[in-house]
Amino acid sequence: MTQPLGIASHNEGKVREFRELLSPFGFAVKSAAELGLAEPEETGQTFEANADLKARAAAEASGLLSLADDSGLVVPALDDAPGIFSARWAGPTKDFAQAMGRVARELHQAGCEPTGTPAYFVCVLSLAYPNGELRTLRGEVHGTLTFPPRGEQGFGYDPIFIPSGYAQTFGEMDPSAKHAMSHRAKAFAALSDYLQKERAA
Ligand code: IMP
């Protein structure tokens with residue numbers, strides 16, 4: 001029997017990705033739009049807190065097992081900014097050229113050479129059960145920043161991020177290469193592992 005599962009996202013791209021990941025597990029995936037879910041305010045101070053509050057709100061409103069994510073770019077030399085504010089740094093028009101420019105500017109102001117600065121992407125997935133239980137999984141990919149931005153692939157901060165051991169930015173790489181190593185891929189792998197173990201138990 002297929003178990004319904006709510007996705008606490010209004011982003012159709014994310015819902016599609018979740019649907020693909022979850023297809024081997026026989027879930028009947030429903031998006032936030034299909035379930036008529038509101039988007040809660042992201043008031044948490046960590047990726048985990050924000051993913052948990054979105055998943056919990058969806059589980060409470062729908063009565064279904066619900067999955068949410070939160071992700072962003074962390075720059076330790078900027079006290080972990082933009083971090084949970086990664087989307088918000090791009091402003092209402094989602095201007096990532098501006099957000100990437102702000103990263104470079106703030107690194108200069110902090111006395112750091114922007115190119116070569118260590119950084120990492122984080123993706124946290126949270127699975128909320130209708131009984132209030134939560135399962136939270138994290139994936140990270142580490143690398144360095146480069147300026148000016150390079151490449152037209154991907155989205156967000158991809159053009160300034162070079163994963164460790166590679167020469168190209170995520171913005172220059174073939175998307176399949178990025179998807180094989182990304183923070184999202186690692187969090188999804190942890191979720192698949194967890195679901196497989198849960199099924200076997
Ligand atoms: P969220 O939808 O609240 O998780 O926002 C995450 C934000 O982090 C996005 O808007 C991007 O700015 C950034 N981000 C997350 N993952 C990636 C990625 O794989 N590449 C580039 N930027 C990313």
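T136 and D52 form a side-chain donor-acceptor contact under 3.5 Å, judged by distance and modelled atom types alone. With hydrogens and angles left out, the side-chain atoms of E34 and S31 include a donor and acceptor closer than 3.5 Å. Side chain to side chain, D95 and T93 fail the donor-acceptor criterion of an N or O pair below 3.5 Å.
In this structure K54 satisfies the salt bridge (charged side-chain N to carboxylate O under 4.0 Å, His left out) test together with E42, D70, sequence neighbours excluded. With sequence neighbours excluded, the residues forming a side chain to side chain contact (heavy atoms under 4.5 Å, CB included) with Q109 are R105, E106, listed by chain and number. The side chain to side chain contact (heavy atoms under 4.5 Å, CB included) test applied to N131 returns Y129, E133, not counting sequence neighbours.
Pairs of residues two or more places apart, or lying in two chains, that qualify as ring pair (Phe, Tyr, Trp, His ring centres under 6.0 Å) and include a residue from residues 8-51 are F18-F188. Within the structure, ring pair (Phe, Tyr, Trp, His ring centres under 6.0 Å) contacts touching residues 99-120 (residues at least two apart or in different chains) are Y120-H142.
A salt bridge between K197 and D193 is present, with a side-chain N of the basic residue lying under 4.0 Å from a carboxylate O of the acidic one. Salt bridge annotation for E48-R56: absent, with no cationic side-chain nitrogen under 4.0 angstrom from a carboxylate oxygen. Looking at R138 and E140, a side-chain N of the basic residue comes within less than 4.0 Å of a carboxylate O on the acidic one, giving a salt bridge.
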Evaluate ring pair (Phe, Tyr, Trp, His ring centres under 6.0 Å) for F161 paired with F121, printing each intermediate quantity in order.
-> CA-CA 9 Å; F161 182 80; F121 279 116; 4.8 Å; yes
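Taking the six-membered ring for Trp, Y157 and F96 have ring centres closer than 6.0 Å.
With side-chain heavy atoms closer than 4.5 Å counting as contact, directly or through intermediates, the hydrophobic cluster containing L35 also holds L37, L64.
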